[in-house]
Amino acid sequence: MGLNDGFEIFDIMFTIIPIFIALVAGIILFMFIKGIKTWNHINKQPRLKVVAVVVSKRLQVSGGGEDHSSSTWYYVTFQFESGDRIEFSVSGREYGLLAEGDIGEVEFQGTRYHGFTRKQTGA
């Protein structure tokens, strides 16, 4: 039995750890490049203002617990005169200001929501 017996695991680890680090770095780089491509694609889309109706609102809560914070995401679905529908992620403030049945102009660019201007109804 020599002094180096039993240390083969360390030889394996010196091979596995660099491969693992390279794999994680590759995944992060891929996600970063994909995000930039998506952002660039949306920026090339025309900015539209279209008459629409707020047809539904929903929120998604994750996390929380005894001493953990939670996160909330807000979504609003708009229906256009053509019958097409699109759902946008909105801020909590915007979510609170919108009500189902509101009619107005939704402004968006690709999948990016820019705002909603409610039409005034005559009283």
Side-chain angles (χ1 to χ4, degrees):
M1 227 174 170
L3 289 175
N4 290 331
D5 289 347
F7 287 101
E8 295 86 19
I9 189 71
F10 291 116
D11 293 336
I12 294 171
M13 294 308 287
F14 284 121
T15 303
I16 292 176
I17 290 177
I19 291 172
F20 179 74
I21 291 171
L23 184 64
V24 169
I27 291 170
I28 291 171
L29 183 63
F30 172 77
M31 296 302 288
F32 181 73
I33 291 171
K34 184 178 176 187
I36 288 175
K37 287 177 80 173
T38 300
W39 177 79
N40 192 30
H41 175 73
I42 291 172
N43 282 345
K44 289 180 180 177
Q45 301 297 314
R47 194 165 176 154
L48 303 172
K49 278 188 174 183
V50 181
V51 174
V53 178
V54 176
V55 291
S56 71
K57 295 169 43 173
R58 70 180 179 92
L59 52 90
Q60 178 180 347
V61 180
S62 69
E66 292 178 17
D67 58 351
H68 301 289
S69 63
S70 64
S71 297
T72 306
W73 291 270
Y74 302 93
Y75 301 94
V76 177
T77 301
F78 296 93
Q79 182 170 325
F80 305 120
E81 292 173 329
S82 66
D84 294 331
R85 291 183 177 200
I86 189 166
E87 181 180 68
F88 293 109
S89 177
V90 299
S91 69
R93 181 182 186 283
E94 190 83 16
Y95 182 88
L97 291 173
L98 294 172
E100 291 183 14
D102 281 351
I103 300 172
E105 284 187 334
V106 62
E107 185 174 355
F108 63 98
Q109 183 177 20
T111 58
R112 188 178 298 142
Y113 174 79
H114 288 289
F116 181 78
T117 306
R118 188 175 291 107
K119 284 189 176 181
Q120 298 295 328
T121 56

Would you indicate whether the side-chain heavy atoms of [Y] and [X] approach each other to under 4.5 Å?
| X | Y | value |
| --- | --- | --- |
| Tyr75 | Gln60 | yes |
| Ile86 | Phe80 | yes |
| Phe88 | Val76 | no |
| Arg112 | Asn43 | yes |
| Thr111 | Gln45 | no |
| Ser62 | Trp73 | yes |

**Asked** Any chance the rings of Phe78 and Phe108 have centres within less than 6.0 Å?
**Response** no
Would you say [X] and [Y] are hydrophobically clustered, going by side-chain heavy atoms of ILVMFWY under 4.5 Å?
| X | Y | result |
| --- | --- | --- |
| Ile17 | Phe14 | yes |
| Tyr113 | Val50 | yes |
| Leu48 | Val54 | yes |

Could you report the tightest heavy-atom contact between [X] and [Y], atom names first, then the distance?
| X | Y | value |
| --- | --- | --- |
| Phe116 | Ile103 | CZ-C, 3.6 Å |
| Leu97 | Arg118 | O-NH2, 2.7 Å |
| Leu98 | Lys57 | O-NZ, 2.7 Å |
| Ala52 | Val106 | CB-CG1, 3.8 Å |
| Pro18 | Met13 | CD-O, 3.9 Å |

[atom1] of [X] to [atom2] of [Y]: how many Å apart, nearest 0.5 Å?
| X | Y | atom1 | atom2 | value |
| --- | --- | --- | --- | --- |
| Arg58 | Tyr74 | CZ | OH | 13.0 Å |
| Leu23 | Ile28 | CG | CD1 | 10.0 Å |
| Asn40 | Ile36 | CG | CD1 | 9.0 Å |
| Trp39 | Lys44 | CH2 | NZ | 10.5 Å |

**His114 atom NE2, neighbour heavy-atom count above 12 within 6.0 Å** = yes
